[in-house]
Undergrad: 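The structure is given below, and queries will be raised subsequently.
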Amino acid sequence: MASAWWPCLILALLSGLAASGFPRSPSRQLGKRSLPEGVVNGIEVYSTKINCKVTSRFAHNVVTTRAVNRADTAKEVSFDVELPKTAFITNFTLTIDGVTYPGNVKEKEVAKKQYEKAVSQGKTAGLVKASGRKLEKFTVSVNVAAGSKVTFELTYEELLKRHKGKYEMYLKVQPKQLVKHFEIEADIFEPQGISTLDAEASFITNDLLGSALTKSFSGKKGRVTFKPSMDQQRSCPTCTESLLNGDFIITYDVNRESPANVQIVNGYFVHFFAPQGLPVVPKNVVFVIDVSGSMHGRKMEQTRDALLKILEDMKEDDYLNFILFSGDVTTWKDTLVQATPENIEEARTFVKNINDQGMTNINDGLLRGINMLNKAREEHKVPERSTSIVIMLTDGDANVGESRPEKIQENVRNAIGGKFPLYNLGFGNNLNYNFLENMALENHGVARRIYEDSDANLQLQGFYEEVANPLLTSVEVEYPENAIQDLTQNAYKHFYDGSEIVVAGRLVDEDMNNFKADVKGHGAINDLTFTEEVTPEKIALWNGAAQSTFSWLDTVTTTQDGLSVTINRKKNMVVSFGDGVTFVVVLHQVWKKHPVHQDFLGFYVVDSHRMSAQTHGLLGQFFHPLDFKVSDIHPGSDPTKPDATMVVKNHRLTVTRGSQKDYRKDVSVGTKVACWFVHNNGQGLIDGVHSDYIVPDLF
């Protein structure tokens with residue numbers, strides 16, 4: 001579930017401890033000695049480990065760095081971690097010579113004030129700041145006595161988003177020196193099963209990466225490890241500098257037997273929705289482009305390059321237009337035009353001749369584009385089953401016409417009226433990005449910063465690719481009335497190919513047997529409804545404190561420490577202990593509308609002869625032969641079921657002939673087996689009485 005600390009990006013640490021006041025060993029003179037390789041300025045970082053555990057797209061990451069002060073005097077040790085902007089910190093601890101000091105995670109505004117106060121008083125505090133395109137940097141420094149050891153441990157979490165058909169886990173690797181034990185470990189568990197898994201590093205050649213990297217996946221589990229030796233970390237064979245400085249990216253996707261998957265844990269659920277193979281909905285796109293003087297030079301050149309590439313990717317069913325704004329507003333065409341080959345060629349000529357000039361009139365540029373889309377829809381000049389999109393690119397703030405951000409937001413919000421999304425691209429850093437972001441979010445879109453690098457045109461193209469293929473519009477995810485509460489966003493203007501819709505909530509009744517989840521949307525050809533039958537019944541396997549959770553809808557085999565468990569979807573579960581006994585748990589399903597009977601589990605033993613003679617229990621006491629004799633067979637109260645006398649365990653019992661089903665070989669129908677039924681809850685046959693075998697809980 002979404003955490004209350006999701007927006008937390010500032011952390012106040014050890015607010016009651018002065019940096020110079022940590023307990024430490026008494027100062028001592030250390031004799032001159034040769035320092036281990038990897039020591040920089042007296043500090044040896046001898047271990048860095050990034051441990052990632054991903055379960056159902058949710059990543060729990062722990063970064064642990066251990067260092068020792070090899071110098072003869074106290075030294076400052078810094079701990080830097082760059083984490084994704086979508087992540088949130090959940091814990092930070094600092095350990096010096098075995099004494100652990102916990103951090104206190106605060107929300108932004110509170111933490112900002114506490115951080116400034118702590119720093120002004122000379123106390124230790126950590127701060128998260130923006131760092132590049134996808135990351136923010138957490139930094140904390142402490143003073144460490146000579147010979148002392150320090151351990152930094154940062155825990156952060158994030159929900160991985162599906163982007164162009166894959167989930168991406170983005171790790172920044174930058175130890176700044178050779179590290180004796182450097183390791184990245186990522187374990188991924190996806191109940192749907194993993195279909196692809198890959199990892200790449202921007203800082204190392206594929207040859208070197210291959211010898212330090214291992215990756216594997218099977219069924220629901222995947223694993224990636226990266227353990228470069230000190231020699232593999234060197235920037236050259238004789239260098240002492242590290243080449244580990246860049247991005248380590250893990251990508252994967254899951255199996256999709258159906259468009260949706262719902263998972264339930266402890267009364268909460270998360271609903272993943274990503275249909276495949278749907279036809280693309282035609283789109284009506286208006287590009288609103290800033291051509292003010294500040295776009296002069298490289299920015300304008302890159303914008304033209306990106307737009308030319310985007311024109312190549314337009315589909316003939318699409319409609320488009322260009323709105324250019326500076327001090328004035330100009331348009332390529334008076335109305336939207338279809339993306340025919342002839343019109344695309346004319347558009348290319350127009351784009352090649354775009355030049356920068358004048359001021360920045362964001363308000364009028366946006367309103368012109370929005371009104372054009374509204375008019376095209378009202379006059380039926382675009383396909384009925386099409387969707388409209390506004391994409392604006394600007395590198396500065398409004399400085400002519402209506403320039404008040406709040407008024408521009410109001411004008412745009414009223415003009416769009418919730419009918420289609422607005423996507424804002426902010427080029428560079430000299431602009432009010434919060435304004436662009438707020439305006440986009442108010443209109444069901446997103447904002448994206450385009451960085452002034454050599455690949456700015458690729459950034460622009462990459463964003464367009466994300467929204468180029470809408471598969472559904474007006475998507476609504478519906479659940480039974482009064483069955484769900486605390487629901488996250490469940491209505492979306494668009495579902496784009498390669499993405500995923502995620503909805504989470506809480507069951508009102510944790511004992512609810514099942515419910516339906518419907519996803520409705522408008523497709524390119526017709527309206528579509530996807531229905532998922534949800535059941536909270538689960539199968540939990542424990543290995544110490546580690547838990548794996550499955551359901552009767554799974555087909556999976558897992559083996560560990562001689563134990564093998566196989567789940568056959570909606571049929572049974574087979575549990576085997578090495579070469580020993582095998583148990584079968586059968587899911588017996590009955591008519592859903594039966595007034596009395598409910599689904600139940602049957603527990604069967606396949607290899608009872610392999611059990612120890614010491615085995616006991618309601619079933620176990622019969623795993624080995626026992627002496628009994630049946631005699632005096634005579635008619636009973638039911639003419640079809642004779643009675644008899646059974647002598648067993650020195651008891652004379654009245655038994656009745658009947659039949660029972662054996663489901664070990666045929667789990668659907670079973671095999672009819674003749675048997676004798678013992679009355680009075682098995683009294684005289686079982687050891688003790690039946691109530692001896694009833695327990696309040698399994699554990």
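Below, each value reflects all heavy atoms present in this structure, side chains not excepted, and no hydrogens, waters or symmetry copies.
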Undergrad: So which heavy atom on Ala274 is nearest to which on Ser499, and how close?
TA: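 Shortest heavy-atom separation between Ala274 and Ser499 comes out as CB-O, 3.7 Å.
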Undergrad: State the CG-CG distance between Leu422 and Leu373, to the nearest 0.5 angstrom.
TA: 10.5 Å
Undergrad: Looking only at side-chain N and O atoms, does Thr196 offer a donor or acceptor that is under 3.5 Å from a partner on Asp253?
TA: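 Looking only at side-chain atoms, Thr196 and Asp253 do not form any donor-acceptor pair under 3.5 Å.
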Undergrad: Where is the tightest heavy-atom contact between Pro191 and Lys220, given as atom of each residue plus distance?
TA: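 So the minimum-distance heavy-atom pair works out to O-CE, 3.0 Å.
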Undergrad: Looking at every heavy atom in both Pro279 and Ile525, which two are closest together, and how far apart are they?
TA: CG-CD1, 4.0 Å
Undergrad: Show your working on side-chain contact (heavy atoms from CB on, under 4.5 Å) between Asp497 and Gln276 and close with a plain yes or no.
TA: CA-CA 8 Å; Asp497 190 23; Gln276 296 177 305; 5.9 Å; no
Undergrad: Look at the side chain of Asn424 and the backbone N and O of Leu393, then say whether any donor-acceptor pair between them is shorter than 3.5 Å.
TA: no
Undergrad: Show your reasoning for whether side-chain contact (heavy atoms from CB on, under 4.5 Å) applies to Val574 and Ile567.
TA: CA-CA 7 Å; Val574 180; Ile567 301 172; over 6 Å; no
Undergrad: Between Thr251 (side chain only) and Lys166 (backbone N and O only), is there a donor and an acceptor less than 3.5 Å apart?
TA: no
Undergrad: State, with a plain yes or no, whether a side-chain heavy atom of Val173 is found less than 4.5 Å away from one of Ile184.
TA: yes
Undergrad: Looking at the rings of Tyr252 and Phe217, which for Trp means the six-membered one, are their centres under 6.0 Å apart?
TA: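 Judged by ring-centre distance (under 6.0 Å), Tyr252 and Phe217 do not meet the cut-off.
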Undergrad: Under the 3.5 angstrom rule, does the side chain of Glu183 hit a backbone N or O of Lys49 as a donor-acceptor pair?
TA: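 Side chain of Glu183 to backbone of Lys49: no pair is present.
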Undergrad: Sub-3.5 Å donor-acceptor pair from the side chain of Arg385 to the main-chain atoms of Gly523, do we have one?
TA: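 Yes, Arg385 side chain to Gly523 backbone: donor-acceptor pair under 3.5 Å.
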Undergrad: Could I get the full list of side-chain hydrogen bond (donor to acceptor under 3.5 Å, both in side chains) partners for Thr566, not counting sequence neighbours?
TA: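 Partners of Thr566 under the side-chain hydrogen bond (donor to acceptor under 3.5 Å, both in side chains) test: Thr557.
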Undergrad: Of the non-hydrogen atoms in Gly445 and Leu441, which two are nearest, and what is the gap between them?
TA: O-CD2, 3.6 Å
Undergrad: Is it the case that the side chains of Ser56 and Gln263 hold a donor-acceptor pair, with the cut-off being a distance below 3.5 Å and no angle test?
TA: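 A pair is found: one side chain offers a donor N or O, the other an acceptor, under 3.5 Å apart.
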Undergrad: Show, in sequence, the C-alpha distance, side-chain angles and deciding distance for Asp518 and Thr529, and conclude whether the side-chain hydrogen bond (donor to acceptor under 3.5 Å, both in side chains) test is met.
TA: CA-CA 7 Å; Asp518 291 329; Thr529 298; over 6 Å; no
Undergrad: Does some side-chain heavy atom of Leu160 sit less than 4.5 Å from a side-chain heavy atom of Val54?
TA: yes
Undergrad: For Tyr167 and Glu500, which I'm curious about, is there any donor-acceptor pair between the side chains at under 3.5 Å?
TA: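 Per modelled atom types, Tyr167 and Glu500 side chains form a pair under 3.5 Å.
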Undergrad: Sequence neighbours left out, what passes side chain to side chain contact (heavy atoms under 4.5 Å, CB included) with Lys53? Give chain and number order.
TA: Asn51, Asp187
Undergrad: Mind checking the CD1-CG spacing from Ile250 to Leu197? Nearest 0.5 Å is all I need.
TA: 7.5 Å
Undergrad: My understanding is that only residues two or more places apart in sequence, or in another chain, count here; which of them pass side chain to side chain contact (heavy atoms under 4.5 Å, CB included) with His163?
TA: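 With neighbours one apart ignored, the set is Glu466.
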Undergrad: Rounded to the nearest 0.5 Å, what separates atom OH in Tyr496 from atom NZ in Lys283?
TA: 9.0 Å
Undergrad: Could you list the residues that satisfy ring-ring contact (aromatic ring centres under 6.0 Å, His included) with Phe152, not counting sequence neighbours?
TA: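 With sequence neighbours excluded, Phe152 shows a ring-ring contact (aromatic ring centres under 6.0 Å, His included) to Phe79, given in chain and number order.
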Undergrad: What pairs meet the salt bridge (charged side-chain N to carboxylate O under 4.0 Å, His left out) rule with one or both residues in residues 263-281, with sequence neighbours excluded?
TA: none
Undergrad: State, with a plain yes or no, whether a side-chain heavy atom of Cys52 is found less than 4.5 Å away from one of Leu171.
TA: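 Result yes, sub-4.5 Å side-chain heavy-atom pair found.
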Undergrad: Determine, for Glu190 against Arg57, whether the closest basic-nitrogen to carboxylate-oxygen distance falls under 4.0 angstrom.
TA: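 Looking at Glu190 and Arg57, the cut-off is met.
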Undergrad: Could you tell me if His494 and Thr387 have a donor-acceptor pair between their side chains, going purely by distance under 3.5 Å?
TA: yes
Undergrad: Is the side chain of Ser202 donor-acceptor paired with the backbone N or O of Asp247 at a distance under 3.5 Å, no angle test?
TA: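 Pair found, side chain donor or acceptor close to backbone of Asp247.
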Undergrad: Do side-chain atoms of Glu82 reach the backbone of Pro84 as a donor and acceptor pair under 3.5 angstrom?
TA: no
Undergrad: Going from CD on Gln459 to CD1 on Ile450, what distance comes out if it is rounded to the nearest 0.5 angstrom?
TA: 5.0 Å
Undergrad: Please name the residue in the list Ile389, Asn284, Asn443, Ile370 that meets the side chain to side chain contact (heavy atoms under 4.5 Å, CB included) test with Phe420.
TA: Ile370
Undergrad: On a heavy-atom basis, which atom in Ser195 and which in Asn255 lie closest, and how many Å separate them?
TA: CB-OD1, 3.2 Å
Undergrad: Check ring-ring contact (aromatic ring centres under 6.0 Å, His included) between Tyr319 and all other residues, then give those that pass, not counting sequence neighbours.
TA: none
Undergrad: Excluding sequence neighbours, so at least two apart, what forms side chain to side chain contact (heavy atoms under 4.5 Å, CB included) with Val585?
TA: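 For Val585 the side chain to side chain contact (heavy atoms under 4.5 Å, CB included) partners, ignoring immediate neighbours, are Trp552, Met573, Leu601, Phe603.
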Undergrad: State whether the number of non-hydrogen atoms from other residues, nucleotides or ligands found under 6.0 Å of Gln485 atom CD is greater than 12.
TA: yes
Undergrad: With heavy-atom distances below 4.5 Å as the criterion, would you say the side chains of Pro102 and Phe92 are in contact?
TA: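 No. Closest side-chain heavy atoms not under 4.5 Å.
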Undergrad: Would you check if Val390 and Leu366 make a side-chain contact, meaning some heavy-atom pair closer than 4.5 Å?
TA: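 Yes, close enough: below the 4.5 Å cut-off.
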Undergrad: Is the shortest side-chain heavy-atom distance between Phe226 and Phe248 below 4.5 Å?
TA: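 Heavy-atom side-chain distance check passes, below 4.5 Å.
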Undergrad: So, do Arg223 and Ile188 sit near enough that their side-chain heavy atoms are less than 4.5 Å apart?
TA: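 Answer no - side chains too far apart.
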Undergrad: Considering all heavy atoms of both residues, which atom of His522 and which atom of Val281 are nearest to each other, and what is their separation?
TA: O-CG2, 4.3 Å
Undergrad: Please tabulate, for the side chains in residues 468-480, all donor-acceptor contacts under 3.5 angstrom to protein atoms that are two or more places apart in sequence or on a different chain.
TA:
from, atom 1, to, atom 2, distance (Å)
Asn469, OD1, Lys315, NZ, 2.7
Glu478, OE1, Lys520, NZ, 3.3
Tyr479, OH, His271, ND1, 2.8

Undergrad: Rounded to the nearest 0.5 Å, what separates atom CG in Asn490 from atom CZ in Phe273?
TA: 13.0 Å
Undergrad: For Tyr492, check ring-ring contact (aromatic ring centres under 6.0 Å, His included) against everything at least two apart and list the hits.
TA: none
Undergrad: For Ser218, give me all partners under side-chain hydrogen bond (donor to acceptor under 3.5 Å, both in side chains), at least two apart in sequence or on another chain.
TA: none
Undergrad: Just to verify, what does Gln409 make a side chain to side chain contact (heavy atoms under 4.5 Å, CB included) with, not counting sequence neighbours?
TA: Arg413, Phe435, Asn438, Met439, Glu442
Undergrad: What pairs with Phe463 under ring-ring contact (aromatic ring centres under 6.0 Å, His included), at least two apart in sequence or on another chain?
TA: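 Partners of Phe463 by the ring-ring contact (aromatic ring centres under 6.0 Å, His included) criterion, ordered by chain and then number, come out as Tyr423.
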Undergrad: Quick one: does NZ or CZ of Arg506 land under 6.0 Å from the six-membered ring centre of Phe269, within 45 degrees of the ring axis?
TA: no
Undergrad: Rounded at 0.5 Å granularity, tell me how far CZ in Phe88 sits from CG in Leu159.
TA: 9.0 Å
Undergrad: Should the heavy atoms of other residues, nucleotides or ligands under 6.0 Å from NZ of Lys161 be counted, would the total exceed 12?
TA: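 Atom NZ in Lys161 is not crowded, with 12 or fewer foreign heavy atoms closer than 6.0 Å.
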Undergrad: Do Leu487 and Val503 have side chains that approach each other closer than 4.5 Å (heavy atoms only, starting at C-beta)?
TA: yes
